Amino acid sequence: MIGRLKERIEQGYRLGYDEALELLRTTPETELCALAHALRTRYQGKTIDMCSIMNARSGRCSEDCKWCAQSKFHKTEVEVYPLVGAGEAVEEAAGNARKGVKRFSLVTSGRTLSDADTDRICAIYRRIGSEVSVSLCASLGLLNLEQMRRLKESGVRRYHCNLETAPSYFPKLCSTHTVAEKLRTIGWAREAGLEICSGGIIGMGESEEQRVEFAIALRQTGAVSIPVNVLNPIPGTRLAGAPPLTDSEIVRAVAVMRILNPEAAIRLAGGRTRIKHLEERLLQCGVSALIVGDMLTTTGSDIETDKRMFIRCGFEV
């Protein structure tokens, strides 16, 4: 059955919600991972796509996302600072590029950017593009169409806006913006000619059914990159006491994300320090990309250590 399903997917068939849920519930983990790995190999080859991010404006966010250390509604020890300078951003991008990282993104806290800050960040992107050989991405909140066009003109190729979780579950985690607003932002990014990066976090209390719903919702965005974060509960946030997912739940969620999004880069992102023991296994269960280096408010991974892991697992860097 798994072999026939692989052939159908390669011929363009995409599983619906009921089929995917049945597959998740009834298929042994080894078979599920084998299918995910076969699809990863078919569409992504043996390469690993590495990207890095820089926290370009930190803290005092107006949004009340329950998981986020940067929300003004939480009392955390997160550093607070305004938009970084161009020199600092260029240095960060160049340092990552020298280590073989092919994509670099600035990430800002807050709901959106003002026009003045959009001008500043576009100038930073133009300088990075002129000085560093790296593909430029952006994660700057709920921008409008005109702001997206300005980003595109400044050299940005890909825009990141996470759905975060299943649309049916998102209102339980955030009340200050909606999934509809996220989808509007993603639509404007696509209209401006930007590729889409959209994913989210697993382990925030969502059900197995909602993880399937989430994977299908991401497919509908047309995302070429899907970052999968495993919740790293931050003291002071409202999810600080969230119970962790089991290893099997994480593996099966990642495998199903690949099966439902066969052509996208499935990217391990935040929470990597919590799943170090699983990473090599996940590289055989559909993962084809990673965010390397530090995350926004938490320690990430050492790039050279990651590259050795990729080679050990038989991948190209």
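None of these values were measured; they are calculated from a predicted model.
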Roughly how far, to the nearest 0.5 Å, is [atom2] of [Y] from [atom1] of [X]?
{"X": "L136", "Y": "F104", "atom1": "CG", "atom2": "CZ", "result": "8.5 Å"}
{"X": "F214", "Y": "S168", "atom1": "CZ", "atom2": "OG", "result": "11.5 Å"}
{"X": "R219", "Y": "I226", "atom1": "CZ", "atom2": "CD1", "result": "10.0 Å"}
{"X": "N55", "Y": "I53", "atom1": "CG", "atom2": "CD1", "result": "7.5 Å"}
{"X": "Q147", "Y": "N144", "atom1": "CD", "atom2": "CG", "result": "4.0 Å"}
{"X": "C51", "Y": "L290", "atom1": "SG", "atom2": "CG", "result": "8.5 Å"}

### Message
Which residue in the set L83, I121, L151, D119 passes side-chain contact (heavy atoms from CB on, under 4.5 Å) when paired with L113?
### Response
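Passing option: I121.
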### Among L260, D18, L5, side-chain contact (heavy atoms from CB on, under 4.5 Å) partner for L23
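Exactly one option meets the side-chain contact (heavy atoms from CB on, under 4.5 Å) with L23, and it is L5.
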Could you tell me if the side chain of [Y] sits less than 4.5 Å from the side chain of [X], heavy atoms only?
{"X": "M50", "Y": "K99", "answer": "no"}
{"X": "E79", "Y": "Q70", "answer": "no"}
{"X": "M54", "Y": "E91", "answer": "no"}
{"X": "M148", "Y": "Y159", "answer": "yes"}
{"X": "H160", "Y": "S198", "answer": "no"}
{"X": "Q284", "Y": "C313", "answer": "yes"}
{"X": "L24", "Y": "E208", "answer": "yes"}
{"X": "M309", "Y": "E280", "answer": "yes"}

In plain terms, say whether [X] and [Y] are close enough for a salt bridge, that is, a side-chain N and a carboxylate O under 4.0 Å apart.
{"X": "D306", "Y": "R272", "answer": "yes"}
{"X": "E7", "Y": "R4", "answer": "no"}
{"X": "R103", "Y": "D49", "answer": "yes"}
{"X": "E131", "Y": "R126", "answer": "no"}
{"X": "R111", "Y": "E63", "answer": "yes"}
{"X": "R252", "Y": "D247", "answer": "no"}
{"X": "K152", "Y": "E191", "answer": "no"}
{"X": "E22", "Y": "R25", "answer": "no"}

Checking [X] side chain against [Y] main chain: does a donor-acceptor pair fall under 3.5 Å?
{"X": "R312", "Y": "K307", "value": "no"}
{"X": "K46", "Y": "G314", "value": "yes"}
{"X": "E92", "Y": "A89", "value": "no"}
{"X": "N96", "Y": "S52", "value": "no"}
{"X": "S71", "Y": "C68", "value": "no"}
{"X": "N229", "Y": "L231", "value": "no"}
{"X": "E31", "Y": "P28", "value": "no"}

Between [Y] and [X], is there a side-chain donor-acceptor contact under 3.5 Å, judged purely by atom types and distance?
{"X": "S175", "Y": "D64", "answer": "yes"}
{"X": "R308", "Y": "T305", "answer": "yes"}
{"X": "T165", "Y": "E206", "answer": "no"}
{"X": "Y13", "Y": "E19", "answer": "yes"}
{"X": "S225", "Y": "R267", "answer": "yes"}
{"X": "R190", "Y": "T221", "answer": "no"}

### Query
Relative to the ring of H177, is the ring of F170 parallel (under 30°), tilted (30 to 60°) or perpendicular (over 60°)?
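Judged by the thresholds at 30° and 60°, the geometry between F170 and H177 is tilted.
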Measure across [X] and [Y] and return the closest heavy-atom pair with its distance rounded to 0.1 Å.
{"X": "L218", "Y": "N261", "result": "C-OD1, 4.0 Å"}
{"X": "H74", "Y": "G236", "result": "CB-O, 3.5 Å"}
{"X": "I202", "Y": "R211", "result": "CG2-CD, 4.1 Å"}
{"X": "R40", "Y": "V287", "result": "NE-O, 3.1 Å"}
{"X": "I186", "Y": "C161", "result": "CD1-O, 3.7 Å"}
{"X": "S109", "Y": "G59", "result": "OG-O, 3.0 Å"}

### Message
With a 6.0 Å cut-off (strictly less than), is the heavy-atom count around CZ of R238, excluding the residue itself, greater than 12?
### Response
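Yes, enclosed.
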### Message
Applying side chain to side chain contact (heavy atoms under 4.5 Å, CB included) to I259 and K6, what does each step give before you reach the verdict?
### Response
CA-CA 9 Å; I259 293 164; K6 174 180 177 293; over 6 Å; no
